Structures are given as structure tokens and as C-alpha cells.
There are 2 protein chains.
Amino acid sequence: MNKQPKYRQVADALRREIDNGTYPPGSRLPSESELSARFDASRNTIRNGLNLLVTQGLVSSSQGLGYEVTKHEVFELNASRFENLEFPQNGDAYSTDVTNAGRRPHQTFRVELTPAPAYVAERLKVEEGSRAVLRFCHRFVDDVPWSTQATHYPEWLVEQGPRLTEPGDIAEGTTRYLASLGIEQVGYFDEISARMPTPEEARLLEIGAGVPVLLWTRTGFSNDRPIRCTVTTFRGDLNRMNYEIGDLSARSENEPQ
Amino acid sequence: MNKQPKYRQVADALRREIDNGTYPPGSRLPSESELSARFDASRNTIRNGLNLLVTQGLVSSSQGLGYEVTKHEVFELNASRFENLEFPQNGDAYSTDVTNAGRRPHQTFRVELTPAPAYVAERLKVEEGSRAVLRFCHRFVDDVPWSTQATHYPEWLVEQGPRLTEPGDIAEGTTRYLASLGIEQVGYFDEISARMPTPEEARLLEIGAGVPVLLWTRTGFSNDRPIRCTVTTFRGDLNRMNYEIGDLSARSENEPQ
DNA sequence: TAGTGGTCTAGACCACCTC
DNA sequence: AGGTGGTCTAGACCACTAC
């Protein structure tokens with residue numbers, strides 16, 4: 001018989017009640033003082049227990065309002081189709097996907113010429129600190145911050161593709177633009193990892209405690225060298241990535257229901 | 001000028017010192033009472049600040065020892081080559097990868113016939129609760145819990161491939177075994193997401209606060225239907241997945257250094 | 001104004017690790 | 001034994017939200 005500390009008992013009890021539907025997603029938990037009475041514990045102990053649930057992403061709290069059970073709608077991103085030239089689409093793939101899902105996309109955009117960070121330089125096979133074009137997107141869905149995307153192009157590419165440094169969008173998409181210049185992306189290398197957000201990421205994505213970020217790095221290659229490196233940061237609670245590989249004709253047949 | 005609460009100042013100061021190398025990965029932070037004196041704050045306030053860093057995955061604490069700056073070695077998993085029949089390997093792909101990395105793999109294994117959970121049933125296109133073979137792996141690298149992997153096969157497959165229910169390993173790999181019976185996996189659909197671990201996952205993977213899990217679901221298809229669904233749970237701090245797509249001959253040329 | 005969570009303190013006692 | 005973090009309490013005051 002190993003006795004759990006009181007704040008864990010509180011957290012476990014509440015977790016069970018959340019799981020069994022006593023407190024459904026979107027609903028509010030009892031206040032700290034109510035819980036304090038119910039569990040015969042000091043307010044600090046209750047807060048300690050609630051804090052566990054917060055860092056586990058089960059509930060979120062706001063001053064003056066209380067604790068709310070989190071609810072997630074996940075957005076699916078098809079990474080293997082994304083910017084596949086065989087699936088023609090106007091403009092940027094992200095906006096298309098979001099609009100198709102019946103949501104309202106919105107993004108801010110900027111272009112810079114900056115020294116490539118070590119992580120990017122390594123992937124672009126250029127020297128650390130050598131310059132690269134950074135095209136940075138901060139994306140929202142229905143005004144909720146959704147992801148940031150930073151694409152770096154090595155400086156040597158700019159001579160052939162001067163529009164890369166233009167501050168506005170490239171209507172047909174940069175991949176298409178480069179292809180029209182004979183610089184074709186024939187393959188890419190994707191890396192995916194997860195971690196807790198840095199304070200900067202937490203600020204941009206308005207992430208509270210208990211929500212990790214999904215990091216997606218795509219390095220694109222022409223026939224003879226890397227031509228771009230895109231680092232995308234997603235809110236982990238709102239996004240799921242997928243890849244379709246091989247023959248999936250059996251997947252779409254006989255859709256359930 | 002918006003004043004930060006004291007515990008955030010503590011966390012920010014320590015984070016800066018971790019970033020600039022004052023406390024390198026693996027080193028120990030000053031004790032709570034030392035920090036209490038340095039920041040002229042009560043021990044609880046210091047704990048509050050340290051707890052922020054813990055939930056952000058920057059440090060970990062253990063009773064009697066103190067706070068240690070976390071260090072990560074990440075293991076790369078090539079998901080597009082993984083179990084690709086064109087890259088022949090003996091036995092299971094995971095052990096091969098780990099051994100090649102100079103690490104020592106080890107796993108526990110069990111087989112069950114259980115009702116398929118809703119998530120899996122949906123992907124296997126069978127009714128929720130109908131039976132499925134579950135082959136479950138708990139994997140370690142150098143005795144550190146690394147990932148869990150649960151593969152479900154629909155019950156109808158067992159008639160054709162009775163060895164699926166055998167309690168031991170299938171030496172040539174299940175994918176190969178099924179292929180030898182004419183049930184070929186011609187494509188798969190991968191889904192990747194990240195979230196904080198459930199208490200059960202935290203227990204199996206020995207995850208502390210501040211470390212998310214990476215969830216990887218692979219549904220494999222034959223020509224006419226789904227034949228398996230594999231759910232893998234990774235420690236987010238130790239793993240990174242990657243996909244090679246298209247022609248990457250330019251990637252391996254001129255390796256840096 | 002009343003109720004919610006957010007910050008902070010001071011102090012007590014316990015559990016674990018090292019010497 | 002002495003130092004470390006882990007748990008818990010009681011109480012104070014502040015900031016935000018709702019009505």
C-alpha cells in the first residue's frame with residue numbers, strides 16, 4: 001500500500017471525473033475553495049493538484065474565470081501531398097487546406113535577408129552565418145494562432161530567382177516559381193520532433209502550459225543540392241500530420257458510414 | 001513597463017544562464033535555499049520558478065539530489081525506410097537501427113487477442129469492439145525506456161496467418177511473413193501528433209514533467225483493405241522521425257566535413 | 001461588489017541521498 | 001548527520017471577470 005500525496009489524489013480524482021464525463025470538454029471545474037472543502041486540503045494543495053492537470057494539458061485556467069476542461073479540434077495536414085506539384089492548387093497550399101475545411105485562414109508575412117542559423121546552415125550545406133533569404137509566415141485559423149513557418153533559401157539561389165526577396169506573396173507559390181526557372185525540387189527530407197515551446201514560441205502561438213509544439217523541418221533538394229529549408233512550428237494540441245506512402249487505393253474505398 | 005512576477009524573474013534569469021552556458025547540460029543548479037537568498041524570495045516562490053523550467057523540459061529534479069539541466073541525445077528514426085522490404089534486414093528494423101547506432105536494444109513483448117479500441121477499429125475498418133490481435137512491444141535503449149509499440153491485426157487475418165497469434169517473435173518480421181502468404185502491404189498511411197503523456201504512458205516511458213510524447217500511427221494496406229494498425233509512443237525528448245521522399249541523391253553527396 | 005484565480009510569505013515536517 | 005527536494009498548512013494581498 002503506497003500512499004499517494006494528497007495533491008495527487010486530487011489530480012487523479014479530477015482526472016477520473018473528466019474522463020468519465022462528469023466534467024466534459026469545455027465545462028468548468030469547481031472553484032479552488034470548493035475543492036478545498038471537498039478534499040479537506042488547503043488551497044495551496046488544491047492548486048498543486050490542479051497545476052498537475054494544467055501541465056498535462058487536461059485543463060486550463062484563467063484569472064477570474066476558473067478552470068476549464070480543454071477541448072481539441074485537430075487539424076490534419078497532409079504532408080506528402082502538401083506542395084506536391086501533381087495536385088494543382090492556386091496559391092499557397094495551407095490557405096487552400098484551411099478553406100476546404102470550412103475555416104477562415106489568415107496570415108502575416110515578412111521577408112528578410114539574414115545569417116542562416118546553424119541548424120538551417122547545416123541542412124542547406126552552406127557555412128553557418130552565411131546569408132539566406134528568410135520568408136516567415138505567422139498563421140492563424142479563425143483568428144487562433146496556429147503555426148509559424150520559416151523558409152530559408154540559400155543566397156546563391158537569389159541570383160536565379162530574384163523574386164524570392166520580394167516582400168509580397170508569390171502568387172503561384174515559391175516551389176512553382178523556382179520550377180519555372182528550371183530549379184526543380186525533386187525530393188525532400190522531412191524531420192519531425194516534439195518538445196515544450198520556448199517562451200518565444202509560447203508567445204507567438206499563444207500556448208499555455210501543458211501544450212507541446214510539433215516541429216516539422218523540410219529540406220528540399222534539386223538534382224544536385226539543397227535549395228530550401230522550411231521549419232514549421234505547430235501547436236501540438238491542434239494539429240496532426242500525415243503521410244500517404246505507396247498505393248492507398250484501399251483506403252478511400254468503402255468509407256465507414 | 002510591465003513588471004513580471006518574482007517567480008518568473010527567477011525562471012527567466014535561470015533560463016538565460018542555462019542558455020549562455022553558465023549551467024551546461026548535465027550540471028546542477030544551485031539549491032533552492034541558495035536561490036532563495038540570491039533572489040531574496042521565499043522558498044515557495046523559488047520552487048514556483050523552478051517548476052516552470054521543469055514543465056518546460058529544461059531541468060529535472062530529484063529528491064535529495066537537486067535540479068539538473070537536462071541533456072538530450074536524439075535518436076533518428078527513418079520512417080520511410082522502416083520496414084521497407086527493399087532494404088533487407090534480419091529480424092526487426094528497430095533493433096537493427098539501434099545496434100547500428102552503437103547502442104544496446106532490449107525489448108519486452110506480448111501478444112493478446114483483444115477488442116479493438118475505437119481509434120484502431122476505425123482505421124482497420126472493423127467494428128468497434130470486434131477482436132484483433134495485439135502485438136505489444138516495450139522498447140529500451142541502453143536500459144532507458146524508449147518507446148511502446150502496439151500493432152493490431154484484424155481477426156480475419158489470423159485465418160490466413162496463424163503465426164500472428166504466436167507469443168514469440170516472428171523471426172523474419174511480420175510484414176515479411178504476411179507477404180510470404182500473399183498478403184502484401186502495398187501502402188501505408190502515417191499519422192503523427194504530439195501531446196503530454198497520460199499517467200500510464202508516463203509510467204511506461206519513465207517520463208517526468210515537461211516531456212511530451214510523439215505519437216505515430218501507421219495503418220498498412222493491402223490491395224483491397226487495411227491489414228494492420230501500429231501505434232507507437234515515443235519519448236519526445238529522445239526521438240526524431242524523418243521521411244525521405246522523392247529523389248534525394250543530392251543529400252548524401254558532399255557530406256559536410 | 002463578490003467571487004475567481006495569481007502571487008507571495010513563513011514555517012513545519014517528511015523522504016531521499018551522500019558522507 | 002546534514003543537505004537536498006517533496007508535501008502541506010494558514011493566511012495575506014492583488015488582478016481579473018462578472019453582475
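FYI, side chains are in, hydrogens and waters are out, and symmetry mates aren't considered; it's all heavy atoms of this structure. So that the names make sense, note that chain A is the first sequence line, chain B the second, and so on, each numbered from 1. Being a predicted model, the structure only gives us computed values, none of them experimental.
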Can you tell if the side chain of B/Arg123 reaches within under 4.5 Å of the side chain of B/His152, non-hydrogen atoms only?
no
Checking D/dC8, C/dG6, C/dA15 against the side chain of A/Glu32 (C-beta onward), the nearest is C/dG6
Of the candidate nucleotides C/dT9, D/dT4, D/dG6, which contains the atom at the shortest distance from the side chain of B/Glu34?
D/dT4
Determine: side-chain N/O of B/Tyr7 to OP1/OP2 of C/dT9, distance under 4.0 Å, yes or no.
no
Let me know which of B/Arg235, B/Arg103, B/Arg240 forms a salt bridge (charged side-chain N to carboxylate O under 4.0 Å, His left out) with B/Glu73.
B/Arg103
Find the distance A/Arg28:CZ to C/dG3:P and express it as a whole number of Å.
13 Å
Mind calculating the distance between CG (A/Asp40) and C1' (D/dC8) to the nearest angstrom?
12 Å
Closest to the A/Ser33 side chain: D/dT4, C/dT9, C/dT4?
C/dT4
Side chain of B/Leu65, heavy atoms from C-beta onward: which of C/dC17, D/dT9, D/dA18 has the nearest atom to it?
C/dC17
A/Ser31 side chain near C/dG3 phosphate (N/O to OP1/OP2, under 4.0 Å):
no
Tell me whether A/Asp190 contacts the main-chain N or O of A/Arg218 through its side chain, where contact means a donor paired with an acceptor under 3.5 Å.
no
Can you find a donor-acceptor pair, distance only, under 3.5 Å between A/Arg43 side chain and C/dG6 base?
yes
Just how far, in rounded Å, is C1' of C/dT4 from CG of A/Leu29?
13 Å
D/dT9 P sits how many Å from A/Arg47 CZ, rounded?
15 Å
State which of D/dT9, C/dC8, D/dG5 makes the closest approach to the side chain of B/Ser61.
D/dG5
Report yes if a side-chain nitrogen or oxygen of B/Thr45 is closer than 4.0 Å to either non-bridging phosphate oxygen (OP1 or OP2) of C/dT9; otherwise report no.
yes
Rounded to whole Å, how long is the line connecting atom CD1 of B/Ile46 with atom C1' of D/dG6?
16 Å
Rounded distance (Å) that lies between atom C1' of C/dG5 and atom CD of A/Glu68
14 Å
In terms of the nearest nucleotide of DNA chain D, which residue is placed more toward the 5' end: A/Asn44 or A/Arg8?
A/Arg8
Please check if any side-chain donor atom of B/Thr174 sits under 3.5 Å from a side-chain acceptor atom of B/Tyr153, or the reverse.
yes
In whole angstroms, the gap separating P of D/dC14 from NZ of B/Lys6 amounts to 15 Å
With the side chain of B/Gln63 defined as its heavy atoms from C-beta on, choose the nearest nucleotide among D/dG6, C/dG5, C/dC8.
D/dG6
Would you kindly give the CG-to-P distance between B/Leu35 and D/dT4, to the nearest whole Å?
11 Å
Is there a side-chain contact between B/Leu77 and B/Asn239, using heavy atoms and a 4.5 Å cut-off?
no
